[in-house]
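This report refers to the structure that appears directly beneath it.
Only this structure's heavy atoms are used, side chains among them; waters, hydrogens and symmetry mates stay out.
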Amino acid sequence: MATQRVLPQSKETLLQNYNKRLKDDIRSILDNFTEIIKTAKVEDETQVSRATQAEQDHYEMHVRAANIVRAGESLMKLVSDLKQFLILNDFPSVNEAISLRNQQLRTLQEECDKKLISLRDEIAIDLYELEEEYYSSSCGQWDGVELPLCETFHRQDSWGSPEMTSDPSCANPEDSDHLGTQESMQRHLNSHGSSTSEQS
């Protein structure tokens with residue numbers, strides 16, 4: 001069983017004022033409606049003529065109807081004041097609503113984190129499989145040395161480039177050594193042939 005909260009004196013006085021306004025407005029509506037019903041009753045002949053009595057009853061009904069409308073508007077204003085009072089002063093309810101919203105947002109955050117972690121694991125597995133496929137294929141080999149993917153494609157693109165074909169500095173070192181050996185052998189043969197011709 002929830003314990004009743006002790007309100008400050010100003011709030012307690014304000015609530016008592018709201019209660020008094022509520023009772024007064026309801027009593028005003030009930031009394032005026034009862035009097036309107038009484039004026040609708042047809043009475044016997046009196047010293048006042050029926051036309052004058054009818055006009056008086058008509059005026060009285062208008063006044064009491066206006067009182068009922070005024071009391072109804074006062075009740076609507078009272079409802080608005082009560083809502084404002086609850087919004088500004090009902091801190092336990094506000095704190096409970098904030099706590100509930102925080103709990104909902106934390107639950108949503110945990111779900112998002114789980115989905116992101118699952119997505120990260122799936123991407124890691126796919127990347128691992130792609131790397132295994134790449135390094136096990138011939139595209140990833142260069143003279144028995146595993147090269148990164150970007151370096152492999154860079155070298156493949158450079159094979160067919162006209163700059164590599166025309167520029168001797170970009171040639172393979174093994175091809176350069178082979179050409180140098182051929183040139184030295186040719187010079188040796190030429191020198192041997194010239195020395196033979198001089199002896200003869």
Side-chain angles (χ1 to χ4, degrees), residues 1-30 68-177:
M1 182 177 179
T3 59
Q4 186 177 3
R5 290 182 293 133
V6 179
L7 297 175
Q9 186 65 29
S10 58
K11 294 181 180 179
E12 185 69 26
T13 304
L14 186 60
L15 290 177
Q16 290 178 0
N17 185 24
Y18 289 159
N19 193 18
K20 183 177 181 300
R21 285 171 55 186
L22 176 63
K23 292 180 178 179
D24 292 342
D25 291 335
I26 292 177
R27 186 182 300 109
S28 176
I29 292 174
L30 180 60
I68 292 175
V69 172
R70 181 198 58 78
E73 292 177 352
S74 179
L75 286 175
M76 294 177 63
K77 180 66 168 58
L78 177 61
V79 171
S80 177
D81 292 342
L82 286 173
K83 289 181 179 179
Q84 184 178 0
F85 177 81
L86 288 175
I87 292 173
L88 297 178
N89 298 283
D90 193 7
F91 295 108
S93 298
V94 174
N95 293 333
E96 183 180 357
I98 293 174
S99 300
L100 180 61
R101 183 59 179 167
N102 286 336
Q103 184 178 0
Q104 293 175 353
L105 292 177
R106 289 183 184 278
T107 303
L108 181 61
Q109 180 184 1
E110 291 177 357
E111 293 178 357
C112 292
D113 291 341
K114 290 179 181 179
K115 291 181 180 180
L116 288 175
I117 292 173
S118 176
L119 183 61
R120 181 199 63 185
D121 295 339
E122 293 178 0
I123 292 175
I125 294 173
D126 293 338
L127 285 176
Y128 178 78
E129 293 178 354
L130 288 173
E131 289 179 355
E132 287 291 326
E133 181 67 23
Y134 162 70
Y135 287 123
S136 63
S137 64
S138 59
C139 295
Q141 305 295 329
W142 182 269
D143 292 338
V145 179
E146 293 184 352
L147 297 176
L149 187 62
C150 59
E151 183 68 21
T152 301
F153 281 106
H154 176 71
R155 293 198 178 191
Q156 287 180 352
D157 292 339
S158 64
W159 288 346
S161 62
E163 296 179 358
M164 289 292 295
T165 306
S166 60
D167 191 359
S169 63
C170 298
N172 194 341
E174 294 180 357
D175 295 337
S176 300
D177 294 340

Could you give the distance from CZ (Arg120) to CD1 (Ile125), rounded to the nearest 0.5 Å? 10.5 Å
Distance check, rounded to the nearest 0.5 Å: Asn95 atom CG versus Leu100 atom CG? 12.5 Å
In the structure I gave you, are the side-chain heavy atoms of [X] and [Y] within less than 4.5 Å of one another anywhere?
| X | Y | result |
| --- | --- | --- |
| Glu111 | Thr107 | yes |
| Ile123 | Leu119 | yes |
| Glu12 | Gln16 | yes |

Trace of the side-chain contact (heavy atoms from CB on, under 4.5 Å) decision for Gln109 with Leu105: CA-CA 6 Å; Gln109 180 184 1; Leu105 292 177; over 6 Å; no
Only one of Leu82, Thr13, Val79 passes side-chain contact (heavy atoms from CB on, under 4.5 Å) with Tyr18; say which it is. Leu82
Residue among Lys114, Lys115, Glu122 satisfying side-chain contact (heavy atoms from CB on, under 4.5 Å) with Ser118: Glu122
Any idea which heavy atoms bring Asp25 and Ser74 closest together, and the distance? OD2-OG, 2.6 Å
How far apart are the closest heavy atoms of Arg70 and Ser28, and which atoms are they? NH2-OG, 3.5 Å
Looking at Arg27 and Asp24, does any basic side-chain N land under 4.0 Å from a carboxylate oxygen? yes
Counting neighbours of CD on Gln103 that are heavy atoms of other residues, nucleotides or ligands and sit closer than 6.0 Å, is the number greater than 12? no
Kindly check if the number of other-residue, nucleotide or ligand heavy atoms within 6.0 Å of CD (Glu131) is above 12? yes
Give the intermediate values and the outcome of side-chain contact (heavy atoms from CB on, under 4.5 Å) for residues Lys23 and Lys20. CA-CA 5 Å; Lys23 292 180 178 179; Lys20 183 177 181 300; 6.0 Å; no
